[in-house]
Structure formats: structure tokens, C-alpha cells
J.: 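Sending over a structure as C-alpha cells; questions will come in a sec.
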Amino acid sequence: MLVLVDERNRRTGTAEKMDVHVRGLLHRAFSIFLVDDAGCILLQRRFSGKYHSGKLWANTCCGHPRPFERTSNAAVRRLGEELGLSATLNLAFHARYATPLDHGLTENELVYVYLGRFTGEPALNPQEVSATRLVSLDELIRDVHAQPESYAYWLRHYLDRHVDDLRRAIGQTI
């Protein structure tokens, strides 16, 4: 079940995840960027069997809070579930986007974007993540421009509309 919200991020109810994405309902989500000591971002390649955006590169981790779960707690939980990592996460900015996805689904999210320090070694959940890599923000921007079809929509959105927020947050994190 996902948390439905209005444009002011006020909870309006809940609905089943697939129904939300089939109908394109506005819901709460989070995205995480972990960075190493050099400021490089840990990217994940989504498992090919994901319900949307399989095989695409994305930021470190994303997901949805459960009903009555704090978004910050959900982010920490999901980081462990997908990558076997834990980190102190700081809210960097909010994002809002809507876009059609593959498989006839629509993403319509109000997103809490968190940054944290990457330490340790990922333990990938193979049903979620097929690979990881570290990349500088500038290198990522160049590669997304050269190969946009290799990257998840939301990561392209953050780089297009929130790159200054990302630069500032990375600088505060390292």
C-alpha cells in the first residue's frame, strides 16, 4: 500500500502499489543518493524483472513509505532491503514529477530526496538490484546526456531540474 497525497503533500489515503501506477495517482516516495569520500555517487542498476524501469541505472535507492511509516524511516529500511547498507540520511530537497513508464504504468510522485555517506560493501538483493557502480556527478551528467535511454526517468529529472541541489548536498555530505 502506498500513501496518496495532494499537491501540498497532505495525505489523502492509501492504495495498492500497482493500482497507483496504473492510474497515475499522486503518491509519496523517496530517493537516496549515497556518496563516497570523493563525492562519487553510488548508482544501482535495477533488476530486469522489476515492474517498471528494469535494467536501467538509477540513483542509489528509491521506494515508498508504508502507510503510517515516516518517510525517513522508510528510506533507511529500503536501503537495507535493496543494498544491505545503512547510512545516516539527510533530507536534501523535494522533487515532483509525473511521467509515463514502460508496461503502461505512470509515475506521479512527490519525492523526498536524501543524501548520505557510502561506506562498506553492498550486499545486493538480486530481486531488486543487478549491479552497482560509483560515478562522479559530472561524469554522470555527461553519460546521461550521451545515453539517456540507459537511465531511469527520475534520475534524469533530478539531473535536469535539481543538479544545483545535488551539488550543494554532495558538498555538505563529503
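All values derive from a computational prediction rather than experimental measurement. Here, residue 1 is the first one in the sequence, and each next residue gets the next number.
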J.: Quick one, His94 and Arg96 - any side-chain contact, counting heavy atoms below 4.5 Å?
T.: no
J.: Would the number of heavy atoms belonging to other residues, nucleotides or ligands and lying under 6.0 Å from CZ of Arg11 be above 12?
T.: yes
J.: What's the separation between atom CG in Leu155 and atom CG in Leu140, rounded to the nearest 0.5 Å?
T.: 5.5 Å
J.: Can you confirm whether Thr106 sits close enough to Thr99 that some side-chain heavy atom of one is under 4.5 Å from a side-chain heavy atom of the other?
T.: no
J.: Side-chain polar contacts of residues 128-135 - donor-acceptor pairs under 3.5 angstrom, sequence neighbours left out - could you list them?
T.:
from   : atom 1 : to     : atom 2 : distance (Å)
Glu128 : OE1    : Lys50  : NZ     : 2.4
Glu128 : OE1    : Arg78  : NH2    : 2.9
Glu128 : OE2    : Arg78  : NH2    : 2.9
Ser130 : OG     : Arg45  : O      : 3.3
Arg133 : NH2    : Tyr151 : OH     : 2.7

J.: Only pairs at least two apart or in different chains count here, so list each side chain to side chain donor-acceptor pair (under 3.5 Å) that has a residue in residues 111-122.
T.: Asn9-Tyr112, Asp37-Arg117
J.: In the hydrophobic clustering (ILVMFWY, side-chain contacts below 4.5 Å, transitive), which residues join Phe47, or is it alone?
T.: none
J.: Name all residues meeting the salt bridge (Lys or Arg N to Asp or Glu O under 4.0 Å) criterion together with Asp36; count only those two or more places apart in sequence or in a different chain, and write none if there are none.
T.: none
J.: Taking the side chain as every heavy atom from C-beta outward, state whether Leu166 and Leu115 have any pair of such atoms under 4.5 Å apart.
T.: yes
J.: With distance as the sole criterion, is a donor-acceptor pair present between the side chains of Glu107 and His27 under 3.5 Å?
T.: yes
J.: Show your working on ring-ring contact (aromatic ring centres under 6.0 Å, His included) between His157 and His162 and close with a plain yes or no.
T.: CA-CA 8 Å; His157 174 85; His162 298 280; 5.5 Å; yes
J.: Measuring only between side-chain heavy atoms, which start at C-beta, is Leu42 closer than 4.5 Å to Val35?
T.: no
J.: Residues two or more places apart in sequence or in another chain: which of them pass ring pair (Phe, Tyr, Trp, His ring centres under 6.0 Å) with Phe30?
T.: none
J.: Which pairs pass ring-ring contact (aromatic ring centres under 6.0 Å, His included) with one or both residues in residues 65-86, sequence neighbours excluded?
T.: none
J.: For a quick test of reading the model, state the closest non-hydrogen atom pair linking Arg28 to Pro65 and the distance between them.
T.: O-CD, 3.5 Å
